[in-house]
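Input: a single structure, listed below in structure tokens.
Side chains included, hydrogens not; waters and symmetry mates left out as well; all remaining heavy atoms used. This one's a predicted model, so the numbers in the text were calculated from it and none came from an experiment. First listed ligand is number 1; within each ligand, the first listed atom is number 1.
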Amino acid sequence: MTRDPLVERMRAFGTTIFTEMSALALSTGSINLGQGFPDTDGPAEMLDAVARHGLANQYPPLYGIPALRTAIVGHERRFWGLDRDPDGEVVVTAGATEAVAAAILGLCEPGDEVVCFEPYYDSYAASITLAGAVRRPVTLRPGPDGRYRFDEDELRAAFGPRTRMVLLNSPHNPTGKVFTRAELTLIAELCQENDVYAVTDEVYEHLVFTDAAEPHVPLASLPGMGERTLRISSAGKTFSCTGWKVGWATGPAALVATVARVKQFLTFVNAGPLQPAVAVALGLPDEYFSGFRAGLQARRDRLVGGLTEAGFAVLPSEGTYFVTADITPLGGTDGADFCRGLPARCGVVAVPTQVFYDHQEAGRHLIRFAFCKREEVIDEAAQRLTKLSR
Ligand code: PMP
Ligand code: GLN
């Protein structure tokens, strides 16, 4: 039995870059600005609620407890003006990751095509492959002002007779791009012309900085899109609890039922003891959400200052936990080599973005840093990175 037991279609997928780089940070004692997880806890009201509600030790309902479904719908109404029914138009999932996987597995026949944007979040490629579907990535490239854009003709050309859905992540990991209303309108028109679904990953919905060109707009809120869009988000980023893995999908009942049908055979249910606390968190006053954003924006500025000082060409980040940097001014040509060498050179870990592309050349010189860390950690990392140009 010397053969690799893994099914052939998964062999291209090794250990995720996040796992690899976090292990490298641990083994070298480096500061981990690779994997995006905060190093502080979420809001006290949410953490207290875990204790206050006691542990619910048995299965919650398949769609999630009513209090959480009501809170998800209320939060979407408050911030985005969306109007979903807590009974049937929302399902709680094991993080956004499971919602994305269940949506793809439930909607795509083998050979169906998924239009997405590269660099893409790594689980998208794996879920598309697990479904036997095919990804059609459209490349995001930095324009003259450093902001990432896509080419309209390239997007149009990505659609064809087998297109089943567009999978859109905005605010976008790893680039920090926030898709503009004009870009979203084009995507919406193409979804309608080609009669395909949209699945949106909006886990960074509250992390759009005040200097972004435009605010976040959920694709589901555009004319004609509510009936064909599954909107996915999660508690992990907004409430600094990435390990809780509480996510959700909202949309028309038929699309939500598709996610639930698949989910019941993946995990059935998840996070029973944590669901009441996420309901509390979603109901926090607006000041929580604006304070959270302001805190991250300040840390972004701190890290961008440090990276610039260290000699990187830093691209603008309008949102998320992340900023990308061009390694060319430091003599780098390959981000993967650069990131593997970085711990030994200066005790910092970052993530190469080329692994999130099919057309890897487009991202070979770019690496991603996470700034969801305490200020003293960012300052120490910035200090260490100055060694690169000395
Ligand atoms: N989508 C994007 C764009 C992400 O950056 C992440 C990582 N947090 C996820 C999905 C996964 O979210 P969750 O941990 O809720 O599964
Ligand atoms: N979303 C996190 C990131 O982009 C990583 C999550 C994971 O490790 N799967 O860094």
**Request:** Compute the centroid of each ring, for Y321 and then for F371, and state whether the two points are separated by less than 6.0 Å.
**Result:** no
**Asked** Do K237's NZ or CZ and the ring of F37 fall within the cation-pi criteria of under 6.0 Å and 45°?
**Response** no
**Prompt:** Counting both backbone and side chain atoms, is some N or O of T97 under 3.5 Å from an N or O of ligand 1?
**Reply:** yes
**Prompt:** Which part of H172 is near ligand 1, with near meaning a heavy atom under 4.0 Å away: side chain, backbone, both or neither?
**Reply:** neither
**Message:** Is it the case that atom CZ in R52 sees more than 12 heavy atoms from other parts of the structure closer than 6.0 Å?
**Reply:** yes
**Request:** May I ask you to check if ligand 1 and Y121 share an N or O to N or O distance below 3.5 Å?
**Result:** no
**Check: F239 ring centroid to F292 ring centroid under 6.0 Å** = no
**Item:** Shortest protein heavy-atom distance from atom 8 (N) of ligand 1, along with the residue and atom involved
**Value:** K237 NZ, 1.7 Å
**Prompt:** More than 12 foreign heavy atoms under 6.0 Å from CZ of F312: is that the case here?
**Reply:** yes
**Request:** List every atom of ligand 1 that sits less than 4.0 Å from any heavy atom of N173, numbering the atoms from 1 in the order shown and giving each element.
**Result:** 3 (C), 4 (C), 5 (O)
**Prompt:** In this structure, are over 12 heavy atoms from other groups packed under 6.0 Å from R181 atom CZ?
**Reply:** no
**Request:** Over all heavy atoms of both residues, which pair between V114 and C108 is shortest? Give the atoms and the distance, please.
**Result:** CG2-SG, 3.8 Å
**Asked** Is the closest N or O pair between S234 and ligand 1 shorter than 3.5 Å?
**Response** yes
**Complete:** Note: E98, heavy atoms under 4.0 Å from ligand 1, region reported as neither
**Item:** Nearest heavy-atom neighbours spanning F117 and H172
**Value:** O-NE2, 4.3 Å
**Asked** Taking atom types as modelled and ignoring hydrogens, do the side chains of R364 and Y357 form a donor-acceptor contact shorter than 3.5 angstrom?
**Response** no
**Message:** Is it true that, when you exclude E376 itself, more than 12 heavy atoms of the residues, nucleotides or ligands shown sit nearer than 6.0 Å to its CD?
**Reply:** yes
**Item:** Heavy-atom gap Y204 to ligand 1 smaller than 4.0 Å
**Value:** yes
**Message:** Does ligand 1 come near enough to D201 that some N or O of the ligand is less than 3.5 Å from an N or O of the residue?
**Reply:** yes
**Item:** Structural part of A96 in contact with ligand 1, heavy atom criterion under 4.0 angstrom
**Value:** both
**Aromatic ring proximity, centroids under 6.0 angstrom, W80 and H216** = yes
Give a table of atom pairs where an N or O of ligand 2 lies under 3.5 Å from a protein N or O.
unit_1, atom_1, unit_2, atom_2, d
ligand 2, 1 (N), Y121, OH, 3.3
ligand 2, 1 (N), K237, NZ, 3.4
ligand 2, 4 (O), N173, ND2, 2.9
ligand 2, 4 (O), R368, NH1, 2.9
ligand 2, 8 (O), Q35, NE2, 2.7
ligand 2, 9 (N), Y121, OH, 3.3
ligand 2, 10 (O), G36, N, 2.7
ligand 2, 10 (O), R368, NH2, 2.7

**Item:** Numbered atoms and elements of ligand 1 in range of N169, under 4.0 angstrom, heavy atoms
**Value:** 3 (C)
Counting only pairs under 3.5 Å, give me each side-chain donor-acceptor contact of residues 246-253, with atom names and distances, residues two or more places apart or in other chains.
unit_1, atom_1, unit_2, atom_2, d
T250, OG1, E76, OE1, 3.4
T250, OG1, E76, OE2, 2.5

**Prompt:** Which ligand 1 atoms are under 4.0 Å away from a heavy-atom of K245?
**Reply:** 13 (P), 14 (O), 16 (O)
**Request:** Consider only side-chain N and O atoms of S170 and E202, and report whether a donor and an acceptor are under 3.5 Å apart.
**Result:** no
**Fill in**
Atoms of ligand 1 under 4.0 Å from any heavy atom of V203, numbered from 1 in the order shown, are 1 (N), 2 (C), 4 (C)
**Asked** Which ligand 1 atoms does G95 reach within 4.0 Å, using its non-hydrogen atoms?
**Response** 13 (P), 15 (O), 16 (O)
